[in-house]
Amino acid sequence: MLVIEDSFITASGYTEQELKLEIAVMLFEKEKLSLRKAAALAGMHWLYFMKELDKREIALHYDESLL
């Protein structure tokens, strides 16, 4: 488990949930996490995470878990 001190969250300007989403998107974009793993990190259903990626115009890379 990763613990991020509140001072870092506050300094980022994001809420805790927003910061989780930003980290998940970044790790997905760098192909470090699959779509489902990134969605789980963000605390979202993978379909909603896909919609978020679409809003950000981030291309999907498919893995075996989506087949």
Side-chain angles (χ1 to χ4, degrees):
M1 176 184 351
L2 174 66
V3 177
I4 300 174
E5 292 181 29
D6 288 341
S7 62
F8 293 113
I9 296 171
T10 302
S12 75
Y14 292 115
T15 65
E16 183 176 344
Q17 184 59 39
E18 290 169 336
L19 186 55
K20 284 181 185 179
L21 176 60
E22 293 301 318
I23 293 168
V25 167
M26 184 256 320
L27 291 173
F28 175 80
E29 206 169 12
K30 292 179 177 271
E31 298 186 19
K32 299 296 183 184
L33 288 180
S34 69
L35 179 78
R36 288 181 189 259
K37 292 281 188 186
L41 177 60
M44 302 172 76
H45 187 278
W46 64 272
L47 286 173
Y48 293 114
F49 189 74
M50 279 180 62
K51 288 180 183 181
E52 181 65 31
L53 295 173
D54 185 53
K55 282 194 319 192
R56 295 171 183 235
E57 299 181 357
I58 296 172
L60 294 177
H61 47 269
Y62 293 93
D63 60 19
E64 292 176 9
S65 70
L66 293 177
L67 299 179

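Here the structure is a predicted model, which is why all the values come from computation and not from measurement.
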Open item on the list: Using the rule given for side-chain contact (heavy atoms from CB on, under 4.5 Å), can you reason through Phe49 versus Val25, listing the C-alpha separation, both sets of side-chain angles and the distance that settles it, and then say yes or no?
Closed with: CA-CA 9 Å; Phe49 189 74; Val25 167; 3.9 Å; yes
Counting N and O atoms only, with roles assigned by atom type, does the side chain of [X] sit under 3.5 Å from a partner on the main chain of [Y], one being a donor and the other an acceptor?
X	Y	answer
Glu29	Met26	no
Gln17	Ala42	yes
His61	Phe28	yes

Task: More than 12 heavy atoms from other groups under 6.0 Å of CD on Glu16 - done: no
Task: Heavy-atom check, side chain of Thr15 versus side chain of Glu18, under 4.5 Å - done: yes
To the nearest 0.5 Å, what is the distance between [atom1] on [X] and [atom2] on [Y]?
X	Y	atom1	atom2	result
Arg36	Leu47	CZ	CG	8.0 Å
Leu33	Leu27	CG	CG	4.5 Å
His45	Lys51	NE2	NZ	10.5 Å

- [ ] Go through the structure and list residues passing side-chain contact (heavy atoms from CB on, under 4.5 Å) with Lys55, not counting sequence neighbours.
- [x] Glu52
Task: Common cluster, Leu41/Leu2, ILVMFWY with side-chain heavy-atom separation under 4.5 Å - done: yes
